[in-house]
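Below, each value reflects all heavy atoms present in this structure, side chains not excepted, and no hydrogens, waters or symmetry copies.
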Amino acid sequence: MNGTDPHGGESVASRAPTRDVPKRFRGPFTRWPRGADAVLAAVMLLLTVLVEESPGEALVLRPVAAVPAPVLVLFAVAGGALYLRRRAPLVTLSLVIAAWSPTLGGTYATAGGCVIVALYSTGRYAADTRRGRAGTAVGVAAAIAAVVIDGLLQSTPWGDIGVGIVVMAAAWYIGRRVRMRAERAARIRREQVAEARRIVAEERTHIARELHDVVAHRVSMMTVQAGAARMVAADDPQGALEAMVAVEEAGRQALDELRHLLGVLRPSADRDGLGPQPGLADLGRLVAQVREAGLDVSVTGGLGDPLPARVELSVYRIVQEALTNVLKHSGPGTCTDVHVRREPSGGRITVEVLDDGRGAGAVRSAAASGRPATAGHGIVGMRERALLLGGSLDAGPRPDGGFRVVARLPLGGEPE
């Protein structure tokens, strides 16, 4: 059995599975970074210009006319520099500290908020290189030194100065932690995508090997029938003609399967033995095997006419994978229904596997009413088989408990 991981869908898959992954929340600073930074710079500039600390340590508004023009220029430099906080965080920090320094110890030393934002931005966006780390260390040290100088010039108690130092250092540290978390999340996403691609590549290779066996079986039949026709050609022309008709039909089928094989073939590898792959006729034996393992399986529906070998093989493998997952995650005693039917239009078949999730293993499950939605080879492999035929596959928990797998396969599907 190729891959028997949980039913519950995958976080990242090759194509259709990506629709199952919930979108991450994206705030304004992620959606519109430049616009959000411009608004942030404007807000910080207004706060720096209009808000001051009164003697009672309360924040009060002051009129713009009360601020000298040189100080307004310094405030404009400090606020405007924040617009560059993503692209040039160290330059931003340098400009903000340079604009704050001449006002230290006076009434207009209100650019500390801009310094806090610049320190956070440095931790979040500064390049993680030797020069970047050195520049960050100098910038953080300069900001802390400015806090100490401002406190000493204003005769601020050392306890309050210590609080200011902690705030400055914490701003940088929070930015750094946010950056590390984002990098870790991006690395995990890359690893998930790479793993999903690897799983799909393995499954496509396995499918190609199986189709190779189908073609090899057809060619073997052609060889035997052609040899029989040659041996009886002189004594039984009619028998030889019938044998050649059979060779022609087998050849057409082999070409059809070979054309499909070329659409999914991946680097070749040896496979133990050659022979026909299972099809719809083998579903009865498969059901008997899982019944012996303890599943309560019922099969309904029928197709009547034979299907192309690649379609029968995919139907068999999807049912096999789904039943194996039921046995693995719900355990013996689970009631399972398998439906294989031709759709009214006649151009597609539907394969549906339902279970009630109430087997002996369900009581040990972390989520008996719906299996955990973790990535697994099972769903990836089944969906890849359906996609290679031009079909689709949906899998997920049922509202009343248990699990449902539905594959819709075109009878003459081609690889995408």
Between [X] and [Y], is any pair of side-chain heavy atoms under 4.5 Å apart?
| X | Y | answer |
| --- | --- | --- |
| V406 | T350 | yes |
| V315 | Q320 | no |
| Y173 | M168 | no |
| V39 | W32 | no |
| L74 | P102 | yes |
| D296 | T334 | no |
| L354 | T336 | no |
| R342 | L307 | yes |

For residues [X] and [Y], report the shortest heavy-atom separation together with the two atoms involved.
| X | Y | answer |
| --- | --- | --- |
| A41 | L82 | CB-CB, 4.1 Å |
| G139 | L93 | CA-CD2, 3.6 Å |
| R85 | V117 | CD-CG1, 4.4 Å |
| V51 | T110 | O-CG2, 3.6 Å |
| A109 | L104 | CB-CA, 4.0 Å |
| A111 | V96 | O-CG1, 4.5 Å |

### Distance-only donor-acceptor check, side chains R189 and Q192, under 3.5 Å
no

### Task
Classify the side-chain pair S298/D337 by whether it contains a donor and acceptor separated by less than 3.5 Å.
yes

### Task
Apply salt bridge (charged side-chain N to carboxylate O under 4.0 Å, His left out) to the pair D394 and R408, showing each step before the final yes or no.
CA-CA 9 Å; D394 296 316; R408 296 175 178 84; 3.7 Å; yes

Separation of [Y] [atom2] from [X] [atom1] (nearest 0.5 Å):
| X | Y | atom1 | atom2 | value |
| --- | --- | --- | --- | --- |
| R317 | E384 | CZ | CD | 15.5 Å |
| W172 | R124 | CH2 | CZ | 14.0 Å |
| L45 | Y83 | CG | OH | 15.0 Å |
| T92 | D37 | OG1 | CG | 9.0 Å |
| S121 | L90 | OG | CG | 10.5 Å |
| R176 | I174 | CZ | CD1 | 14.5 Å |

### Message
Any carboxylate oxygen within less than 4.0 angstrom of a Lys/Arg side-chain nitrogen, looking at R341 and E352?
### Response
yes

### Query
Can R348 and E343 be counted as an ion pair, charged N to O under 4.0 angstrom?
no

Short side-chain to backbone donor-acceptor contact, [X] and [Y], under 3.5 Å:
| X | Y | result |
| --- | --- | --- |
| R291 | V297 | yes |
| T300 | H339 | no |
| S314 | V311 | no |

### Task
Evaluate side-chain contact (heavy atoms from CB on, under 4.5 Å) for L286 paired with Y316, printing each intermediate quantity in order.
CA-CA 9 Å; L286 172 64; Y316 180 91; 3.9 Å; yes

### Query
N325 and M382: side-chain contact (heavy atoms from CB on, under 4.5 Å), yes or no, with the steps?
CA-CA 11 Å; N325 283 344; M382 289 189 289; 4.2 Å; yes

### Query
Between V326 and F403, is a side-chain contact (heavy atoms from CB on, under 4.5 Å) present by the stated rule, with each step listed?
CA-CA 8 Å; V326 172; F403 209 81; 5.9 Å; no

### Message
Heavy-atom count check: over 12 atoms from other residues, nucleotides or ligands less than 6.0 Å from Y125 OH?
### Response
yes

